[in-house]
Protein chains: 2
Amino acid sequence: MDRFHLMSVYIAVAEERGFASAARRLGMSPPAVTRAIAALEQRLGVRLLNRTTRHVRTTEAGHRYLEDARRVLDEVDAVDQAVSGINAEPRGHLAITAPVMFGRMFVMPGIVEYLERYPATEISALLLDRDVNLLAEGIDVGVRIGELADSSMRALKVGSVRQVVCASPGYLRRHGKPERPRDLSAHTLINSSAVSDVPNWIFNTAQGMRNQRIQPRLVVTSNAAAVEAALADFGLTRLLSYQVAPQLADGKLQIVLEEFEPEPRPIHIVHREGRFASPTVRSFIDFIAARLRADSLLN
Amino acid sequence: MDRFHLMSVYIAVAEERGFASAARRLGMSPPAVTRAIAALEQRLGVRLLNRTTRHVRTTEAGHRYLEDARRVLDEVDAVDQAVSGINAEPRGHLAITAPVMFGRMFVMPGIVEYLERYPATEISALLLDRDVNLLAEGIDVGVRIGELADSSMRALKVGSVRQVVCASPGYLRRHGKPERPRDLSAHTLINSSAVSDVPNWIFNTAQGMRNQRIQPRLVVTSNAAAVEAALADFGLTRLLSYQVAPQLADGKLQIVLEEFEPEPRPIHIVHREGRFASPTVRSFIDFIAARLRADSLLN
DNA sequence: TATATTATTCCATTTATTGGAATAATTAAT
DNA sequence: ATTAATTATTCCAATAAATGGAATAATATA
């Protein structure tokens, strides 16, 4: 008794509102349809269709089951296709979204490499700092920084970013090194409104999360500008770790208040699951996930 | 050739890493297992298992398919169970989350009625103003106000709330009625930090969204306090429509700047789909959705 | 009231599936 | 190196299941 087949028969009957027409549509005999529905109803222990000899209508349970069965069959089809196409050359169009700066630094190089490797693919890259709804906007893959809301979207963690407060050695020599968050009030602060508009820097203390109100002397709208200002010995700024990774590596900027640093924020790749995951989408996710995971700046 | 059955056979073989042991586990003969796998591989056109006579290992495609097949079968089981239990009396435990004030006003009465109707059910109601992750926290149903992030969680729209700026007739008589968002600077404003901490009120103008910076004279932490202050002729406040619905109905408060009001925010019921939707969860969702949809304050 | 269509049941026929025996391949033990 | 044991696979006869035509009862339309 093929459960899969029973489902398709049921869908046909429910949609056609008739056993005979369903039989015609499926190219099977009316008795076979009758038996299939009977078997299904017996399996489930529920009457799915109210049928007179002249009319067929779904019951409440049948209505539910119709939706469920459609979803399941769609998913099975998608799964079959996905695995069938796994060895095929990726092709077709992908829509990808990522945060602006992170996207420029880490996702775009991956996209370019992917496009070069698979000539039959095209990609739309939407670099936006607002979270777009993947389903509503028809986007295949998103890169997200921060804890995820309720997404039963498939999500792969590919790294994490730290929020670091840093300054140039020159500045620190002249003004001293802050040892506690409250020391910040005696310092010159640079706030990048691209990171956060709110005049608070969050720290992790022994007493838990601490929301340190700050009074920035300089507010800039781009992270690059904040980096520049810090390099010019102007003051302390708070940025995401990857944004200052080169400067930290060669010692042009130094991290302070590291022991008060908040929990690192995870980086996830999210995508619509199951029926939406075409082989090409999957191949791209595998590709970009491997690339990001291998990036030492993100771990 | 039952595709679901092929899937379970494949899962058993992949997990047992052997045809013979899979056959024993499934209570079928080795030839049957061989044939099932062969049929599956032919269907999909992909080799799923690399097998020597002594060792069986999944291929890359097979690894993928294992995950997919598990998910599909789980879903099928859940669907069967859901429809089988549809006529049964709901029973068991439900965890539900909703925003604090909205939950108190609209969800709790529904929960109480549901509990009375179905004595075999228990409910944990988590009223929180932060969005909790349903999957991580093991919550069955959530009520959310506002545009949804990427949740491929099942979501039902059950109504919407307006953000209204309002004041008492007494206040408006004395200070005049603002006609444009910028007029607000000449008024006494009450900001409820339970609605939003940011000192901006958003309006919809002909030129698009306008972020009107406001200078509140009074900031209160509860919406009820904001209502009280407005009723006392103190000033203008911005609240959600349902929070002042009674006062609006009997004329104690009046809406202003209605033509600049931002898009109403949708109310959704979100829940984990498919395999997680037990009959009881479904019955509760049906119940509460019907109740909220029927509420004239939310439409 | 008559006719046509429908869902269903019965049953002989066809089709597909089943498992034991045989086979070839591979590892572990002697 | 050789043997014994286990494994995946193939063949084939036996079994089980699904199939559709004919018949039947029920229902709506002409």
Side-chain angles (χ1 to χ4, degrees), chain A residues 1-63 65-66 69 73 76 80 83, chain B residues 1-63 65-66 69 73 76 80 83:
Chain A
M1 202 121 3
D2 186 341
R3 295 204 280 167
F4 184 87
H5 185 236
L6 294 186
M7 279 189 179
S8 12
V9 173
Y10 173 71
I11 291 173
V13 174
E15 284 178 355
E16 296 281 335
R17 278 193 273 279
F19 283 55
S21 50
R24 282 191 290 273
R25 172 165 134 189
L26 295 169
M28 49 196 288
S29 69
V33 174
T34 296
R35 276 192 301 265
I37 299 299
L40 185 61
E41 286 183 331
Q42 197 176 3
R43 263 200 72 79
L44 298 173
V46 170
R47 184 160 203 77
L48 297 173
L49 296 165
N50 277 324
R51 40 205 190 273
T52 70
T53 24
R54 206 67 184 180
H55 240 221
V56 174
R57 218 173 311 135
T58 56
T59 62
E60 179 55 31
H63 184 69
Y65 192 69
L66 177 60
L73 292 196
V76 171
D80 282 10
V83 72
Chain B
M1 202 111 13
D2 186 342
R3 293 162 79 175
F4 290 138
H5 185 240
L6 295 186
M7 282 187 177
S8 13
V9 173
Y10 173 72
I11 291 172
V13 173
E15 283 178 355
E16 297 281 335
R17 277 191 274 278
F19 283 56
S21 50
R24 282 191 290 272
R25 172 165 133 189
L26 296 169
M28 50 196 289
S29 70
V33 174
T34 295
R35 277 192 299 263
I37 299 299
L40 186 60
E41 287 183 328
Q42 197 176 4
R43 264 201 75 78
L44 299 174
V46 170
R47 186 159 200 77
L48 297 173
L49 297 165
N50 277 324
R51 37 203 190 275
T52 68
T53 25
R54 207 64 183 184
H55 237 222
V56 173
R57 217 172 309 132
T58 57
T59 62
E60 179 54 31
H63 185 70
Y65 192 68
L66 178 59
L73 289 193
V76 171
D80 280 10
V83 73

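If you're wondering where the values come from, they're calculated on a predicted model, not measured in any experiment. The figures that follow rest on heavy atoms only: side chains count, while hydrogens, waters and symmetry mates do not. Every chain is numbered from 1, with letters handed out A, B, ... down the list of sequences.
- Pairs passing the salt bridge (Lys or Arg N to Asp or Glu O under 4.0 Å) check and including a residue from residues 5-14 of chain A, sequence neighbours excluded, do not occur.
- Between Arg57(B) atom CZ and dT26(C) atom P there is a gap of 14 Å when expressed in whole angstrom units.
- Nucleic acid contact class of Thr34(B) (heavy atoms, under 4.0 Å, all strands): base.
- Note on Val56(B): only backbone sugar-phosphate atoms sit closer than 4.0 angstrom, heavy atoms only; bases stay farther off.
- The number of heavy atoms from other shown groups lying within 6.0 Å of CZ (Arg47(A)) is above 12.
- Rounded to the nearest 0.5 angstrom, Ser8(B) OG and Arg25(B) CZ are separated by 9.5 Å.
- Salt bridge status for Glu16(A) with Arg24(A): absent, with no side-chain N to carboxylate O gap under 4.0 Å.
- Of all heavy-atom pairs between Met7(A) and Tyr65(A), the closest is CE-OH, 3.4 Å.
- For Phe19(B) and dT9(D), the CZ to C1' distance is 9 Å, given to the nearest whole Å.
- Per the geometry, CG belonging to Asn50(A) stands 14 Å off P belonging to dA7(C), to the nearest Å.
- Atom CD1 of Ile37(B) is separated from atom P of dT10(D) by 13 Å (rounded to the nearest Å).
- Atom NE2 of His55(B) and atom C1' of dA25(C) are 15 Å apart (whole Å).
- Summarising the geometry, atom CG belonging to Leu49(A) is positioned 13.0 Å from atom NE2 belonging to His55(A); distances are rounded to the nearest 0.5 Å.
- Atom CZ in Arg47(A) sits about 13 Å away from atom P in dA7(C), given to the nearest Å.
- Between Arg17(A) atom CZ and dT6(C) atom P the separation is 15 Å, expressed in whole Å.
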*asked:* Please encode protein proximity along nucleotides 15-26 of chain D as a string of B, S and -, counting only heavy-atom distances under 4.0 Å.
replied: ---SBBB----B

